[in-house]
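Notes to accompany the following structure.
First the proteins, then the strands, lettered A, B, ... as listed; each starts at 1.
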Protein chains: 2
Amino acid sequence: MFIAGLQAVLGADGVVTALDETRAFTQDWRGRYSGQAVCIALPRKTEQVAAVVRLCAQAGVPVLAQGGNTSLCGGAVPGTDGPAPVIVNLQRMRRIRSVDPASNAIRVDAGCVLAAVQRAAVDNDRLFPVSLGAEGSCQIGGAIATNAGGSGVLRYGNMRENVLGLEVVLPDGSIWDGLRALRKNNTGYDLKHLFIGSEGTLGIVTGAVLKLHPLPKAHATAWLGLDSAEAALAVLELVQAACSGRLSAFELMSASQVALVARHVPGRRCPLDGAPRWHVLMELSDTCSADELGDAMQAVLEQAIGCGLIGDAAVAASEAQRNAMWGYRHGASEANRVAGIGLTTDCAVPVSAVPAFIAAATDAVRAIVPDLPVMIVSHLGDGNVHFIPFLSFEHWGGLADREGFAARVRRSVNEVAVGLGGTFSAEHGIGQTLVAEMARYKPAAEIAMMRAVKRALDPSGLFNPGRLLP
Amino acid sequence: MFIAGLQAVLGADGVVTALDETRAFTQDWRGRYSGQAVCIALPRKTEQVAAVVRLCAQAGVPVLAQGGNTSLCGGAVPGTDGPAPVIVNLQRMRRIRSVDPASNAIRVDAGCVLAAVQRAAVDNDRLFPVSLGAEGSCQIGGAIATNAGGSGVLRYGNMRENVLGLEVVLPDGSIWDGLRALRKNNTGYDLKHLFIGSEGTLGIVTGAVLKLHPLPKAHATAWLGLDSAEAALAVLELVQAACSGRLSAFELMSASQVALVARHVPGRRCPLDGAPRWHVLMELSDTCSADELGDAMQAVLEQAIGCGLIGDAAVAASEAQRNAMWGYRHGASEANRVAGIGLTTDCAVPVSAVPAFIAAATDAVRAIVPDLPVMIVSHLGDGNVHFIPFLSFEHWGGLADREGFAARVRRSVNEVAVGLGGTFSAEHGIGQTLVAEMARYKPAAEIAMMRAVKRALDPSGLFNPGRLLP
């Protein structure tokens, strides 16, 4: 009856119920989380999403909005307790609705894959700057619902800063058309910001107007060797003062992390011959000529070397060398996967507090396991540190209570971050896994406001129950 | 009894009741709006604000938060109907709490005057980029509550984009400490965006962490003469492609507006000798050398002249000439005040729609009054057009129903903007004057959500009643 109603809205092929076909939707891509769903709904347009939501509201069935299912914290698949939801997956809504280059705006369906939006921008001589590992499969709607971060945040901000307008199906099944392409609009509460980062708990994003930027034509990329995280911070400050908005990446890595990439990723060779304690991948990008940008890079490196902040530096002399540097940086995930068990964390602190955070977090985890190796990959420019206590497979295999151990180690890192005015989830979000941390760290007044907003927009509590809110 | 309670919290000098002293708070700076207040509360710290709000909540007395009282739409003073409020003015809370240059963050009391924050930034070799006419008297809390715009929006965004964290006293008298200095934080709804632009209807902002930026050291400024608004748009696109983030101002003015400044503002002389139909003031700013920036300006102007987009151009050869260009641009307000009655509007449309907006709005107002003069000042880079139907004092004086006429003319302009996907209030906000326009133009789903949020956070409806929400 309920399924028949959905089929009447979506057509027979728009409702997936066969268990072997639903698994791709009910289990996350790493196979760590899975749960039951009533069915998978595959709408082709906004009105169908609204009709599905109305049917669910009438029947009291929970609604779980799903994009590319690339969450790192179980945010896009059902849990194991509570009533099973209808999963509304937007993969069939993937039109680029329109591009307005003169307004630097693009209007898209929420089911568009992020990489398709990036390509549409380039086709119009523009940049869509949100860029992350999952960009080949994650969808715009999911990137909005989780306020995706990535490597472009230093210069262009998070997903939030790149959304101009939204179209949302609300929990009562009504459609909010907030698809504006305006840079200034002071007419009441800016409701789009409620939905950005709300992880499907307030509505389903079905469309968006996104910001475009001038397409950089030149890049200047350098790999730096430094003695300390403090020196890296000083170089960052110096480069920002000299190069301002041209600085597009400033990625810090510990020597331990760099060594792991060299050892475990075939074909990767560190751009520096020496053995500095810290490494920085730094990039300038602009619409100017490559020569002009190269001169700017040269000048600022000479300044930093003159101040004694940099021990050694290599500048990419070709696009191939630039790609090799980025490949080395991105090799960290692969190296960590094959070399052992990394207990990844996702903290951010005020930029000036990053060195203190790294020092104190290292002490904290070594108070649990003396001499525990630690890998560090940090988007230093925005204060986001992936601090990764690292165990050999043998060590991990020999632990009596692995989950408890992992939780204890991660908690010790999060405590340090929060103590420095930081956050326990900088870019990955809350999903299923961090709800308890929310209860622990969020001020009571803030939790109370979130709950009040949730009740106001989703009084029946049917949208993604059990997620985000403690 | 109620007043005594406030005095117990604030001290005798913290509660103003004498009519001759309250007038500065109950009447707006232009003398257009005024109303009654129970009293003026002048707290010195956040806890006092919270205590005042609790007393008001117990007594059922409305609360009106006030900053520098510089609203252009009666947003900061009481209305004439409904029970009189307590005005909570934050002028005594004006500490710069701390500056963290390495994190590009400054922490301030909400009562800080905007210009004081700008100065504190410069003292730390940083820029706080929000800049507007009232910066010498408007307060940060008011600029946040109204999401202030101004001339820096093209490059740095509105006030909203320059707030990292907030401290807010909520309608129940509790204090939300959201004073974070983080660039990434994905832990639930981003509640600060609810308060930014909420015009005092959801709480009182008492403190903020604001974003700082590298301080530009060089400016290159040019005055351009063009044939059409379309040509101005083409130049904007060309400059953005060539100069990217260096473009810091792109201000369009009609020949009528330029002529009025020349005629009515003593000492002002148009930077161009000819009589182009449109004028653009364009500025590049960066941390690089003045020579480098001058070369970039020269190159892009040659390109635009080569494309036939610019008829004539003057480049400022000194800081004095730069100031003269800006003085000419800013002379528009004074010229319009002395020359007649300007029915200022504050629309924004997608940038690409600005020429169509100007053409259609001109037609619309001339359908009411044939040949009506129109002054146009536009922040073209962010689509914001101050389209100003202009009447001589004689014309205005001879009108039978001035208010009705002004409303009719403004409405005709707003209709055009909204029809082009635009807004009737780009940067000035809603206040008392535009509540009816909210009811007319906002989608029903959006009004319903706003009301739901208002009820959720201010169930008694005591915060700035009658404002913003229809």
Side-chain angles (χ1 to χ4, degrees), chain A residues 100 102-103 105 146-147 149 153 158 161 170 174 176-178 180-191 193-194 197-198 214 233 237 240-242 244-245 286-287 348 350-352 382-384 421-423 425-430 438 442-443 445-446 449-450 452-453 455-457 468, chain B residues 100 102-103 105 146-147 149 153 158 161 170 174 176-178 180-191 193-194 197-198 214 233 237 240-242 244-245 286-287 348 350-352 382-384 421-423 425-430 438 442-443 445-446 449-450 452-453 455-457 468:
Chain A
D100 179 354
S103 300
T146 59
N147 186 27
V153 176
N158 299 281
E161 283 81 31
L170 302 173
S174 62
W176 173 44
D177 179 357
R180 306 178 186 111
L182 302 175
R183 306 278 162 161
K184 279 183 173 173
N185 181 23
N186 275 347
T187 55
Y189 310 152
D190 197 340
L191 297 168
H193 286 295
L194 266 186
S198 67
L233 191 62
E237 206 171 336
Q240 286 183 317
S244 190
D286 206 348
T287 52
V351 174
S352 64
D382 49 49
N384 184 193
T423 177
S425 186
E427 56 180 8
H428 295 166
I430 303 301
M438 283 286 278
K442 277 275 165 181
E446 196 165 343
M449 269 194 286
M450 283 189 208
V453 168
R455 275 194 305 272
L457 299 191
L468 191 64
Chain B
D100 179 354
S103 300
T146 58
N147 185 28
V153 175
N158 299 283
E161 283 79 30
L170 302 173
S174 62
W176 172 44
D177 179 358
R180 306 179 185 109
L182 302 174
R183 304 277 164 164
K184 280 182 172 173
N185 181 24
N186 275 346
T187 55
Y189 311 150
D190 197 339
L191 297 169
H193 285 295
L194 267 186
S198 67
L233 191 61
E237 205 170 336
Q240 286 182 318
S244 192
D286 206 349
T287 53
V351 175
S352 64
D382 48 49
N384 185 191
T423 177
S425 186
E427 57 180 8
H428 295 167
I430 303 302
M438 284 285 278
K442 277 276 167 182
E446 196 165 341
M449 271 194 286
M450 283 189 207
V453 167
R455 276 193 305 271
L457 299 191
L468 190 66

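- Taking L182(A), L457(A), N384(A) one by one and counting their heavy-atom pairs under 4.5 Å with chain B, the maximum is reached by L182(A).
- Only the side chain of D286(B) comes within contact range of chain A, judged by heavy atoms closer than 4.5 Å.
- Heavy-atom pairs under 4.5 Å with chain A were tallied for S244(B), A452(B), S174(B), A445(B); the largest tally goes to S244(B).
- At a 4.5 Å heavy-atom cutoff, A105(A) makes no contact with chain B through either its backbone or its side chain.
- Residue K184(A) comes nearest to V153(B) through the heavy atom pair CE-CG2, 3.5 Å, listed as atom of the first residue, atom of the second, then distance.
- Contact of M438(B) with chain A is made through the side chain alone, with heavy-atom distances under 4.5 Å.
- Residue N158(B) touches chain A through its side chain alone, counting heavy-atom pairs closer than 4.5 Å.
- Of the listed residues G149(A), G429(A), G197(A), the one with more heavy-atom pairs under 4.5 angstrom with chain B than any other is G429(A).
- With a threshold of 4.5 angstrom between heavy atoms, L194(B) approaches chain A through its backbone and through its side chain.
- If you tally non-hydrogen atom pairs under 4.5 Å between each of E161(B), E427(B), Q240(B) and chain A, the highest count goes to E427(B).
- The candidate with the highest count of non-hydrogen atom pairs below 4.5 Å against chain B, out of H428(A), R455(A), K442(A), is K442(A).
- Residues passing the side chain to side chain donor-acceptor pair (under 3.5 Å) test with T423(B), sequence neighbours excluded: N185(A).
- For a residue to count as touching a neighbouring chain, one of its non-hydrogen atoms must lie under 4.5 Å from one of that chain's; by this rule I430(A) touches chain B with backbone and side chain alike.
- Considering all non-hydrogen atoms of both residues, M450(A) and Y189(B) come closest at O-CE1, 3.5 Å.
- Highest contact tally toward chain A, considering only T287(B), V453(B), N147(B), L191(B), is held by T287(B) [criterion: heavy-atom pairs under 4.5 Å].
- Legend: residues meeting side chain to side chain donor-acceptor pair (under 3.5 Å) with S352(A), ordered by chain and number and at least two apart, are D100(B), S103(B).
- If you measure heavy-atom distances from E237(B) to chain A, the contacts under 4.5 Å come from the side chain alone.
- Counting heavy-atom pairs closer than 4.5 Å to chain A, the top residue among G178(B), A241(B), G245(B) is A241(B).
- With a 4.5 angstrom heavy-atom cutoff, P350(B) touches chain A via backbone and side-chain atoms both.
- Counting heavy-atom pairs under 4.5 Å between each of A426(B), A456(B), P443(B) and chain A puts A426(B) at the top.
- If you take CH2 on W176(A) and CD on E446(B), they are separated by 5.0 Å, rounding to the nearest 0.5 Å.
- Heavy atoms closer than 4.5 Å to chain A are found in the side chain of R180(B), but not in its backbone.
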